[in-house]
Protein chains: 2
Amino acid sequence: MKQQEVFRALADPTRRAILKRLQGGAMSAGELGAAFDITPASLSHHFAVLKQADLVRTERRGQYIVYSLNSTVVEDLARMVLDLFPSGGARGGKR
Amino acid sequence: MKQQEVFRALADPTRRAILKRLQGGAMSAGELGAAFDITPASLSHHFAVLKQADLVRTERRGQYIVYSLNSTVVEDLARMVLDLFPSGGARGGKR
DNA sequence: GCAATATTTAGAAATTTGTCTAAATATCTA
DNA sequence: TAGATATTTAGACAAATTTCTAAATATTGC
């Protein structure tokens, strides 16, 4: 897993909002972008960053390109975060 | 908790390395910086970002300023991350 | 108080990032 | 095939970020 790509991807609020929005289920780029006040081109850029970090998956469905969350990453992601703190190894403290 | 500050802080590899290094215990700025090939001024900048995100604490000890991990944030941090994914509420899937 | 050490602040330069417009590519439908 | 819709790519530009050097601040010990 590309740690740097992932953290970088999460650093932008628009991208986090995109991930949030995808919790509701897969969505086309246009549908997804309707919630944001930036151009499709800018959106596309954000999608690319998320994809590079392997946080989302894409599938062309006819005219549309459908985005979905890559949920398998969540575990790695959680590990990466916890790994930044002590006692994060085996069932961290405080649990 | 300032979500944006935290994610932004974690986006830089040097800052993540600093956090990692602090896992070994509290350390003065100089000691901490010895591991990196950047000037004290640049280091200081990174410290400021980490502090703003409330990820580290500082305490002056004589001439030195000692940095330590703010471990209490780990739970919030984990929550923020998991919150970006579905089924993140109660003991997510795949566990 | 003064010199030495530790760290931060200020200001500038280089790089990266987010956004835009314009153009390109892909698919659908008439 | 042509036109309409959906999305991405290319190139430019402004804003943010990382880094540097030089100077400022804080503390220790003589």
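Chain letters run A, B, ... following the sequence lines, proteins first, then strands; residues in each count from 1.
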Non-hydrogen side-chain atoms of Met80(A) and Val6(A) separated by less than 4.5 Å
yes

Is the closest side-chain heavy-atom distance between Ile18(A) and Phe47(A) below 4.5 Å?
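Ile18(A) reaches Phe47(A) side chain to side chain.
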
Could you state the atom-to-atom distance from [atom1] of [X] to [atom2] of [N] in whole Å?
{"X": "Arg8(B)", "N": "dT17(D)", "atom1": "CZ", "atom2": "C1'", "result": "7 Å"}
{"X": "Ile38(B)", "N": "dC20(D)", "atom1": "CD1", "atom2": "C1'", "result": "11 Å"}
{"X": "Phe7(A)", "N": "dT17(D)", "atom1": "CZ", "atom2": "P", "result": "18 Å"}

Do any side-chain nitrogens or oxygens of Thr39(B) fall under 4.0 Å of OP1 or OP2 in dT19(D)?
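Negative; the distance criterion is not met.
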
Strictly distance-based, threshold 3.5 Å: is any side-chain N or O of [X] a donor or acceptor partner for the main-chain N or O of [Y]?
{"X": "Arg60(B)", "Y": "Val66(B)", "result": "no"}
{"X": "Gln23(B)", "Y": "Leu69(B)", "result": "no"}
{"X": "Asn70(B)", "Y": "Asp54(B)", "result": "yes"}

Check nucleotides 4-9 of chain D against the protein and report each pair of N or O atoms closer than 3.5 Å, with its distance, or say if there are none.
from: dT5(D); atom 1: O2; to: Gln63(A); atom 2: NE2; distance (Å): 3.1
from: dT7(D); atom 1: OP1; to: Ala29(A); atom 2: N; distance (Å): 3.1
from: dT7(D); atom 1: OP1; to: Gly30(A); atom 2: N; distance (Å): 3.4
from: dT7(D); atom 1: OP2; to: Gly30(A); atom 2: N; distance (Å): 2.6
from: dT8(D); atom 1: OP1; to: Tyr67(A); atom 2: OH; distance (Å): 2.5
from: dT8(D); atom 1: OP2; to: Ser44(A); atom 2: OG; distance (Å): 3.0
from: dT8(D); atom 1: O5'; to: Ser44(A); atom 2: OG; distance (Å): 3.2

For DNA chain D, what residues of residues 9-27 of chain B have any heavy atom nearer than 4.0 Å?
Asp12(B), Arg15(B)

Test item: side-chain donor near acceptor, Gln52(A) and Arg8(A), under 3.5 Å
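Note: Gln52(A) and Arg8(A) side chains miss the donor-acceptor criterion.
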
Measure across Tyr67(A) and Ala29(A) and return the closest heavy-atom pair with its distance rounded to 0.1 Å.
CE1-CB, 3.9 Å

Sidechain N-carboxylate O distance under 4.0 Å for Arg61(B), Glu59(B)
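Here Arg61(B) pairs with Glu59(B) in a salt bridge, since their nearest N and O are under 4.0 Å apart.
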
Categorize Arg61(A) for me: base, sugar-phosphate, or nothing, with a 4.0 angstrom heavy-atom threshold over every strand shown.
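Counting heavy atoms under 4.0 Å across all strands, no contact is made by Arg61(A).
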
